[in-house]
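Each remark here refers to the structure printed beneath this line.
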Amino acid sequence: MQTFPPYESSVKPVQRGDLNVLRAIASNPSSFPEIVYFADDQVVTIYDAFPKSRFHLLLLPRQYIPEVSWLAPCHVGLLQHMIKVGTEIATFLTQQYLKSKEEQTFMLGFHAIPSLDQLHMHIISTDFVSPFLKTRKHWNSFHTDFFLPASYVLEELKAGRRLVPAKDREKYVNLLKRPLLCHRCKESFQNMKALKQHVSECRQLFVAKQADASQGIIDKYFIKLN
DNA sequence: GTTCTAGAAC
DNA sequence: GTTCTAGAAC
């Protein structure tokens, strides 16, 4: 198995408040050594400045691509590499830190409508216990179809389709307003405080629709929008 | 993306 | 009265 650096969750990133910082990091990662977790000639992986789970990294292509809706079939090779590296990192973190006590699951994917310029793939553990997880939008951006699993995005590109066409943008925005459901047991909660209390205690296993048991990594696959 | 905060919800 | 959400500003 490929090895990676220790996960230093205490690292305090510097990019807060700058909506264009990911583009700068992608083009010149050596200028941001304190937040870079791993880099190769095609991609850069950094610590999320406001992690929404115990483990939360962002994987960016070095090449400038604004967001997931810009991806086209010509990016299949790049996306395959992003998924390969993301899966290796998730596998490493799982074996290194999660052992058998916690859920050995990571989600790899994209927000349908991101807030930050420059394509970034989330690599996130599925505990979703974090002081930075505060709003309904935070929650639903990972637990509705607003979250586009990387494997789903790859399939769509291979089929010659684009993601998040303009006519669907309103649909995606509205997903963020949906009721708050526990991602494990699907129980509904009135507000974030109640949801977070429950999620910290819910012991039901996170069930995904598609699993690669040989890797121990589950790539959650949401129902497609009509 | 976050912070701040008015006013809605309780 | 306090908690919580959502929109403007950054």
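Chain identifiers are assigned alphabetically (A, B, ...) following the order of the sequence lines, protein sequences preceding nucleic acid strands; residue numbering begins at 1 within each chain. Remember, predicted model here, so these are calculated numbers, not experimental data.
Distance check: A:Phe4 CZ to A:Thr91 OG1 gives 8.5 Å after rounding to the nearest 0.5 Å. Here A:Leu108 contributes atom CG and A:Leu59 contributes atom CG; the two are 9.0 Å apart, rounded to the nearest 0.5 Å. Expressed to the nearest 0.5 Å, how far CE of A:Met121 lies from CE of A:Met82 amounts to 5.5 Å.
Here the P atom of nucleotide C:dT5 and the CG atom of A:Asn140 are 12 Å apart, to the nearest Å. Taking atom CG on A:Asp117 and atom P on C:dC10, their separation rounds to 21 Å, with Å as the unit. Nucleotide C:dA6 holds its C1' atom 19 Å from the NZ atom of A:Lys193, rounded to whole Å. For the pair A:Gln197 CD and C:dT3 P, the interatomic distance rounds to 16 Å; values are reported in whole Å. Residue A:Gln190 contributes atom CD, which lies 12 Å from atom P of B:dA9 at whole-angstrom precision. A:Tyr47 places its OH atom 20 Å from the C1' atom of B:dG1, with the value rounded to the nearest Å. Across the protein-nucleic acid pair, A:Lys177 atom NZ and C:dT5 atom P stand 15 Å apart, rounded to whole Å. Counting to the nearest Å, the C1' atom of C:dA6 and the CZ atom of A:Arg178 are 19 Å from each other.
Between A:His138 and B:dG1 there is no side-chain polar atom (N or O) within less than 4.0 angstrom of OP1 or OP2. For the OP1/OP2 pair of B:dT3 and a distance below 4.0 Å, the side-chain nitrogens and oxygens of A:Lys134 include at least one atom meeting the criterion. For A:His111 and B:dG1, the shortest distance from a side-chain N or O to OP1 or OP2 is below 4.0 Å.
Looking at the side chain of A:Leu116, the nearest of the listed nucleotides B:dG1, C:dC4, C:dT5 is B:dG1.
Few gaps surround CD on A:Glu201; more than 12 heavy atoms of other groups in view lie less than 6.0 Å from it.
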